[in-house]
Undergrad: 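One structure, as structure tokens, below. Some questions next.
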Amino acid sequence: MAEKIETLLKASRVIEPTEKTKAQAYIKDYEKEYQRSIADPEKFWDEIARELEWFSPWTKVLEWNYPWAKWFLGATCNISYNCLDRHVKSWRKNKVAVIWVGEKGEERIFTYAELSRQVNRCANALKALGLEKGDRVTIYLPKIPEQIVAMLACARIGLIHSVVYSGFSAPALESRIKDAESRLMITADVGYDRGKSTNLKKVVDDAVANCPTIEKTIVVRREQPGVALSASKEIDWNEWLEGQSTTCEAVALDAETPLYFLYTSGTTGKPKGVVHVHGGYMVGTYITTKYVFDLKDEDVFFCVADPGWVTGHSYIVYGPLLNGATILTAEGKPDYPNPGRWWDLIARYGVSIFYTTPTAIRLLMKYGEDWPKKYDLSTLRILGSVGEPINPEAWEWFHRVTGGDKPIMDTWWQTETGMILVTPLPCVPLKPGSATRPFLGIEADVVDREGNSIEKGGGFAVIKKPWPSMMRTIYKDPDRYLSYWNNIPGCYTAGDVCHKDEDGYFWFMGRADDVLKVAGNRISTAEVESALVSHAAVVEAAAIGKPHKTAGEMIKAFVILAQGQQDSHELIKSLKDHVLKELGKIAVPREIEVVTSLPKTRSGKIMRRVLKAKELGQDPGDISTLEE
Ligand code: WTA
């Protein structure tokens with residue numbers, strides 16, 4: 001790894017912001033503003049919070065009872081009110097809030113007033129089902145506007161949404177419903193992906209069959225004739241909303257009221273329900289969207305994420321709408337029906353801010369520069385990248401094909417952090433491959449195991465002070481929350497290894513633990529392993545990440561077979577199908593190798609590091625704890 005870092009650093013060039021970029025930017029002098037913000041973070045966050053609307057003010061900005069934080073004490077607010085009503089009351093009433101493009105080319109456009117009416121109807125329909133503040137609603141939808149409507153409707157009346165990415169399989173969905181004990185399920189008949197439809201309703205039927213807490217399932221029916229619904233438990237989305245009033249007052253909620261759970265992978269097989277709250281999360285996503293992307297009223301903001309991931313929560317839905325922005329969101333993949341898909345959308349809708357992922361950029365790179373060249377991309381002014389480290393080659397390509405003069409914001413953050421934490425602002429000089437410097441008000445650092453700051457060199461990425469949009473806990477598992485803060489004294493440990501260079505720039509290098517990043521999706525080795533051993537032919541399994549040209553990392557699994565089982569093409573296929581069924585497509589290992597033993601410590605822990613070193617032909621390092 002050290003070698004990789006050195007070559008990266010050598011390759012780096014510095015790209016100064018253009019005069020034009022600097023002239024328009026909200027923040028023109030990063031160093032000055034950063035120093036001011038961390039000299040008194042509470043004052044900084046207090047000032048930012050005042051840009052939003054609160055029903056009643058706070059008495060204290062922060063109560064910090066290490067490692068438990070409460071922000072904006074005693075204040076009441078509602079994030080949905082700030083996303084909608086704040087704009088509907090203003091000239092933005094008829095401004096376009098959401099432009100949605102479906103995979104088949106359909107277009108739906110919502111002004112702030114229209115989005116607000118839809119959300120209100122949905123909130124009234126939720127109330128009509130008897131749902132009450134604090135109840136959980138699981139949303140398992142493809143990337144369609146109903147997803148945004150349902151999220152905001154829950155928020156409006158204090159329900160907690162748990163959005164589950166629609167690529168997850170029935171068992172994965174089931175465990176997330178069970179953990180949240182949701183009362184309601186909102187889904188659709190199908191999702192579309194590269195021209196094929198996936199039967200989401202079937203996945204939901206299988207999952208809900210084992211979830212007695214679910215009282216009703218709402219189904220958005222996209223196909224004709226509509227899928228059959230069971231009269232007692234299932235309701236068509238349109239019928240559900242029919243007749244509901246288009247006004248519904250947003251409930252005044254304590255700032256610390258949970259807004260959502262979002263399940264993410266950790267180092268064990270059990271996904272964790274990260275808890276975010278209305279007040280602090282609203283402040284963090286609002287200001288990062290505004291400053292990082294320099295978001296102005298004239299902009300068209302295109303974030304390619306799925307709302308099922310945290311990037312979609314924070315930078316499709318909440319952050320942009322809090323700013324009164326016009327967002328573009330499109331169903332489907334970047335290369336379907338052809339690799340010009342996103343470039344075409346950018347040209348067609350005049351996108352000015354484009355937030356994407358390294359995996360998508362690498363995929364588009366494969367199709368060559370002729371595709372972006374075909375389209376007028378001159379409306380673009382700010383670019384963004386998220387989810388995994390962006391290699392300098394992909395950075396340079398993205399920069400070049402979009403005109404060579406638009407800054408790329410390489411934004412580093414996590415589901416747990418809620419908002420972007422380490423990132424350039426448009427006024428910051430860029431180095432391709434580096435997420436540059438901490439956001440205003442954020443004390444990020446690179447430290448050794450004892451927590452000593454590393455002036456220059458590699459170590460662990462940490463955050464030293466609380467920030468408003470940090471997760472408040474892991475649902476039903478406070479110990480797991482504590483483990484983020486117990487790892488390195490006095491710090492929140494992100495789990496990432498990072499290198500700090502002579503200019504204090506951060507170079508994120510990947511995970512320090514057994515969490516993989518496959519095409520930007522977070523997957524734990526333990527989840528894949530437990531899926532594999534639940535197959536009758538497997539007694540033991542170990543999963544590792546291997547570098548992959550487009551996906552960043554791919555999963556390779558090693559399995560020990562049960563007695564009497566034979567390695568064969570059919571068996572490997574059946575193992576892959578099994579993981580597909582248990583977890584979903586994103587977690588299926590690309591390679592599975594049958595072995596007769598696995599490297600273990602004397603206490604029986606599989607040493608994945610040794611497997612990985614062997615696979616990559618590297619030195620395994622210290623193997624003194626290896627049993628055999
Ligand atoms: C990785 C995604 C390098 C990192 C928002 C982190 C990144 C994990 C970057 C969180 C980036 C995210 N550069 N690595 N710009 N952004 N990561 O929860 O390993 O899906 O810990 O949140 O993604 O993944 P999550």
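We're numbering straight along the sequence, starting at 1. Atoms within each ligand, like the ligands themselves, are counted from 1 in listed order.
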Undergrad: V292 versus T289: any side-chain heavy-atom pair under 4.5 Å?
TA: no
Undergrad: Can G387 be said to touch ligand 1, with heavy atoms closer than 4.0 Å?
TA: yes
Undergrad: Of all the non-hydrogen atoms in the protein, which one sits nearest to atom 10 (C) of ligand 1, and at what distance?
TA: W413 O, 3.6 Å
Undergrad: Without hydrogens or angle criteria, can the side chains of W395 and D410 be said to hold a donor-acceptor pair below 3.5 Å?
TA: no
Undergrad: Quick test: of every protein heavy atom, which one is nearest to atom 13 (N) of ligand 1, and how far off is it to 0.1 Å?
TA: E388 O, 3.4 Å
Undergrad: Before signing off on this row, confirm whether R511 and ligand 1 have an N or O atom pair separated by under 3.5 Å.
TA: yes
Undergrad: Does V497 reach the side chain of F460, with side-chain heavy atoms less than 4.5 Å apart?
TA: yes
Undergrad: Could you say whether the N/O atoms of T264 and ligand 1 ever approach to under 3.5 Å?
TA: no
Undergrad: In ligand 1, which numbered atoms sit nearer than 4.0 Å to a non-hydrogen atom of F508?
TA: 3 (C)
Undergrad: Sequence neighbours left out, what passes salt bridge (charged side-chain N to carboxylate O under 4.0 Å, His left out) with K456? Give chain and number order.
TA: none
Undergrad: I'd like the name of whichever of T423, D496, V386, I420 reaches closest to atom 6 (C) of ligand 1 through any heavy atom.
TA: D496
Undergrad: Please enumerate all residues that pass salt bridge (charged side-chain N to carboxylate O under 4.0 Å, His left out) together with K406, with sequence neighbours excluded.
TA: none
Undergrad: Please state which protein non-hydrogen atom is closest to atom 3 (C) of ligand 1 and give its distance, to 0.1 Å?
TA: P389 N, 3.2 Å
Undergrad: Quick one about Y475 and Y263 (side-chain donor to acceptor, distance below 3.5 Å, no hydrogens or angles considered), yes or no?
TA: no
Undergrad: Distance alone, cut at 3.5 Å: any donor-acceptor contact between the side chains of T138 and S182?
TA: yes
Undergrad: Which heavy atom of the protein is the closest neighbour of atom 23 (O) of ligand 1, given with residue, atom name and distance?
TA: K517 CE, 2.8 Å
Undergrad: Within the structure, does T311 bring an N/O atom to less than 3.5 angstrom of an N/O atom in ligand 1?
TA: no
Undergrad: Looking only at distances, please establish whether an N/O atom of ligand 1 is found under 3.5 Å from an N/O atom of E416.
TA: no
